[in-house]
Number of protein chains: 4
Amino acid sequence: MTSKSEQPKRRPGRPKATGSPQTMVQILKTASFLFMEQGYEKVSLESVAQACGVTKASVYYYFSNKAALFTEALLFVLKIAHDQTVLIVNGPGPLRERLSEVAKRHMGNAHIDFETMMREASPELTEEQVDRIRDGEQALHRLLASVFRRAMDEGEISESDPMLLSHVFTATLTVRNRKEIVNDLQTVGQTSSEIVQLLWRGLEPR
Amino acid sequence: MTSKSEQPKRRPGRPKATGSPQTMVQILKTASFLFMEQGYEKVSLESVAQACGVTKASVYYYFSNKAALFTEALLFVLKIAHDQTVLIVNGPGPLRERLSEVAKRHMGNAHIDFETMMREASPELTEEQVDRIRDGEQALHRLLASVFRRAMDEGEISESDPMLLSHVFTATLTVRNRKEIVNDLQTVGQTSSEIVQLLWRGLEPR
Amino acid sequence: MTSKSEQPKRRPGRPKATGSPQTMVQILKTASFLFMEQGYEKVSLESVAQACGVTKASVYYYFSNKAALFTEALLFVLKIAHDQTVLIVNGPGPLRERLSEVAKRHMGNAHIDFETMMREASPELTEEQVDRIRDGEQALHRLLASVFRRAMDEGEISESDPMLLSHVFTATLTVRNRKEIVNDLQTVGQTSSEIVQLLWRGLEPR
Amino acid sequence: MTSKSEQPKRRPGRPKATGSPQTMVQILKTASFLFMEQGYEKVSLESVAQACGVTKASVYYYFSNKAALFTEALLFVLKIAHDQTVLIVNGPGPLRERLSEVAKRHMGNAHIDFETMMREASPELTEEQVDRIRDGEQALHRLLASVFRRAMDEGEISESDPMLLSHVFTATLTVRNRKEIVNDLQTVGQTSSEIVQLLWRGLEPR
DNA sequence: AATGAATGAGTGTTCATTCAT
DNA sequence: AATGAATGAACACTCATTCAT
């Protein structure tokens, strides 16, 4: 945001970034939603454009190709998810309730498995793009891991690999995609609570 | 009416060429692998055919269209997974070790989130096809749920919804898709053990 | 039907002609019906085979390819039409009534315009095949023309080119394909009578 | 809200390139010709595209699918035929000569039987598309019927069903497709005259 | 800043045809 | 006499991408 106009043509990093942010943000939001809902292949640039009320060519005006749009869109949602999560985990109350809250948030947004989407999209992305997305994802996991680490240090939860714990925690949340489960239990809120409770107490009787 | 009705009525034409189901099974196996690895859209019938060393038209000889092939392929892997799992869960030893074994098996096979794949493919499948796949999937979950149910009855694990438990358990296994995790820990075997342990003991300190 | 077994391999003319006539005739009849109903392209050999309860390969056993089957099928129906027409035109009664009868017959069978079908099929036929069909068609027209010729000689109808007359006569019969007309008038019989009357009296008032 | 609402709101982006409808009309004309010559199935979009010097994808840019192109193409020729016919039938001179003129025009254009083509295409068209084409066709028949009606009222021709008359009249014109006839008589003009004369005077001697 | 037009490469699907049995 | 298996060529259709304006 600072020294943008200094260099005449800065190649790496976020590519085209001129244009009224209005339209660009609109495209980004729409694309994010569609990608998270349908995955990489199923979303056509035509559909993104239509949903924004612009033409395909306009999308290309802001994003050099589908891979770039996908990358920015994912970084966009990861950023939001991260920010939301920071607010929640740093909030007050016992860890377990904060985790339930995080679970509720995630299960309300993500519709398709992140890993599966990446597996689908990776072949079309540049290495750099994959790395950037991975970084965004890692940030989220590092955030959760740090929370777990702290909780272990304070004896709030028992000892284990915090990073693995973060992955297991988020993996569990994909249960929300399974219709039978969520329908049976009616509300996302209830499901998320149950899952966290399950994870919290473990299988072993005590 | 001569000597025709004496013999078991040998059907005319080229006999079913004992080695022939080979091709069909070959296609089925290949398709299963590719679909589980890349999802529905990404797998082209061309690629399936090529991987089998036959032509696209040959695939159509055995399966009337992509949706049909997909359906049979998934039922194929679900059947195998179910059979494998039956063997393991009915085996000897403590539940926890049997679950680790199941986890190891699953993580060695499934590459992409089942739900995500179904979400991708559903629009192209007939209702009946979706139902058949769902049934196959349910069978697996019912199997696990019954195991959990029994373990609860015997006080081996603490009480909770066994079906939800089954979904959470399988969801956790998708962690294997996340390269960093599995790579860091080197072996699928170790990861699966750690995950089951995590699930077993829960987060709460005791 | 006579000196078939004399020469070892007689190439020209009707090609393969072994096999139980049963099946062959069945295929011929079925194909005739389908071709007359749907035209050349729309009829797949698969559909012919299925309608006969045999396999595609069996069709090939009797007819070397689609063009050959088409040719034989058309000659088959033309022969029948010719025979039927001979019976009618040589019958008793005034010409006008015999023509109405011919009209009724034709309109009951032919569903698609002969010329249009030939235009569709010609590019796939050999010159010889086209000629043979044309000959069969011509025979029908020559038959009608001879009838007209005789009627003119006897002063039963006024003088004109008998061959053109035959073509005009048969062309008029295609009116039967136009649903509105035939539906309005309810019966094929009535329509054919009306058409012949129209042709008979002409437009000019007298 | 500044100086925006003053100007007639010049739409952004590349203007409609005055010469551009060229391509669409070109495709329409070419398709019309090919469909009228070869029918629905035989015309591939590839061939249409090639004949226009564009790619298949360009055809799809203007027409959403083959059925749509077919519909527009037929409406296009029906419109032209209607307009031409209006000019002729409303012209001066005796009805018989005007009909000869109409015959000459039609026989110069239509190459395949309309009904047969519709029978071939209908299964692929939407109901609405079929209706639109039928409407266009009916318009032509109603036009001719009205001419006949008037002529009957004025005693110029003898009484009969004017709509049937229109169908018979146009059916007769398909004689032009039969090569032998038209070739024998050398010119379309002469054939059309002869046909109309035949229809005019009828078969019955006077 | 945004667009209409055009394209090339690919996808699922169909079908006539062949051949060993 | 009849068949199961396999194929190649075509076809309708989609989509990411480019470019002049």
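The sequence lines fix the lettering, A, B, ..., with proteins before strands; numbering per chain opens at 1. All of these numbers come straight from a predicted model, not from anything done at the bench.
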**Q** Scan D/Val43 against the nucleic acid and name what it touches under 4.0 Å (heavy atoms): base, sugar-phosphate only, or nothing.
**A** sugar-phosphate
**Q** Under 4.0 angstrom, heavy atoms only, what part of the nucleic acid is C/Val59 near: base, sugar-phosphate, or nothing?
**A** nothing
**Q** Between E/dT3 atom C1' and A/Gln50 atom CD, what is the distance in whole Å?
**A** 15 Å
**Q** Hey, does the side chain of D/Ser58 reach the backbone of D/Val54 with a donor-acceptor pair shorter than 3.5 angstrom?
**A** no
**Q** Could you tell me the separation between the CD atom of B/Gln26 and the C1' atom of F/dA6, rounded to a whole number of Å?
**A** 15 Å
**Q** Mapping D/Ala57 and D/Tyr40 to their closest nucleotides on DNA chain F, which lands nearer the 5' end?
**A** D/Tyr40
**Q** In whole Å, what is the span from the CD atom of B/Glu46 to the P atom of F/dC11?
**A** 18 Å
**Q** Take the protein atom NZ of B/Lys42 and the nucleotide atom P of F/dT14, then report the distance between them rounded to whole Å.
**A** 20 Å
**Q** Kindly say whether, by distance alone, the side chain of B/Lys56 makes a donor-acceptor pair under 3.5 Å with the base of E/dT13?
**A** yes
**Q** Using a heavy-atom cut-off of under 4.0 Å over every strand shown, decide if A/Ser44 touches base, sugar-phosphate, or nothing.
**A** sugar-phosphate
**Q** Between B/Lys66 and C/Asn65, name the one whose nearest nucleotide on DNA chain E is closer to the 5' end.
**A** B/Lys66
**Q** What nucleotide among E/dT13, E/dT7, E/dA5 has an atom nearest to a side-chain atom of D/Thr55?
**A** E/dT7
**Q** Would you mind reporting whether D/Phe63 and D/Thr71 have side-chain heavy atoms less than 4.5 Å apart?
**A** no
**Q** Got D/Lys42 and C/Pro123 here, is their nearest side-chain heavy-atom distance under 4.5 Å?
**A** yes
**Q** Would a 4.5 Å heavy-atom cut-off, applied to side chains only, mark B/Asn65 and B/Glu124 as touching?
**A** no
**Q** Among E/dA6, F/dT7, E/dT3, which nucleotide sits nearest the side chain of A/Val54?
**A** E/dT3
**Q** Give a yes/no on whether any side-chain N or O of A/Thr23 is located under 4.0 angstrom from OP1 or OP2 of E/dA2.
**A** yes
**Q** Ignoring backbone atoms, test whether C/Tyr62 places a side-chain nitrogen or oxygen under 4.0 Å from the OP1 or OP2 oxygen of F/dA2.
**A** yes
**Q** For Watson-Crick and G-U wobble pairs within 3.5 Å on both distances, what is DNA chain F written in dot-bracket notation, | included for inter-strand pairing?
**A** .||||||||||||||||||||
**Q** Name the atoms and distances for all side-chain donor-acceptor pairs under 3.5 Å in residues 28-40 of chain B, with sequence neighbours left out.
**A**
{"from": "B/Thr30", "atom 1": "OG1", "to": "B/Gln26", "atom 2": "O", "distance (Å)": "2.7"}
{"from": "B/Ser32", "atom 1": "OG", "to": "B/Leu28", "atom 2": "O", "distance (Å)": "2.7"}
{"from": "B/Ser32", "atom 1": "OG", "to": "B/Ala73", "atom 2": "O", "distance (Å)": "3.3"}

**Q** Considering only F/dC13, E/dT13, E/dC15, which nucleotide approaches the side chain of B/Tyr60 most closely?
**A** E/dT13
**Q** Apply the test salt bridge (Lys or Arg N to Asp or Glu O under 4.0 Å) to residues B/Glu127 and B/Arg132: give CA-CA distance (whole Å), side-chain angles for both, the deciding distance (0.1 Å), then the verdict.
**A** CA-CA 9 Å; B/Glu127 237 179 279; B/Arg132 287 178 61 211; over 6 Å; no
**Q** Does the side chain to side chain contact (heavy atoms under 4.5 Å, CB included) test come out yes or no for A/Phe114 and B/Asp113, once each step is laid out?
**A** CA-CA 9 Å; A/Phe114 202 90; B/Asp113 181 54; over 6 Å; no
**Q** Can you tell me if the side-chain N/O atoms of D/Tyr61 get under 4.0 Å from OP1 or OP2 in F/dT14?
**A** no
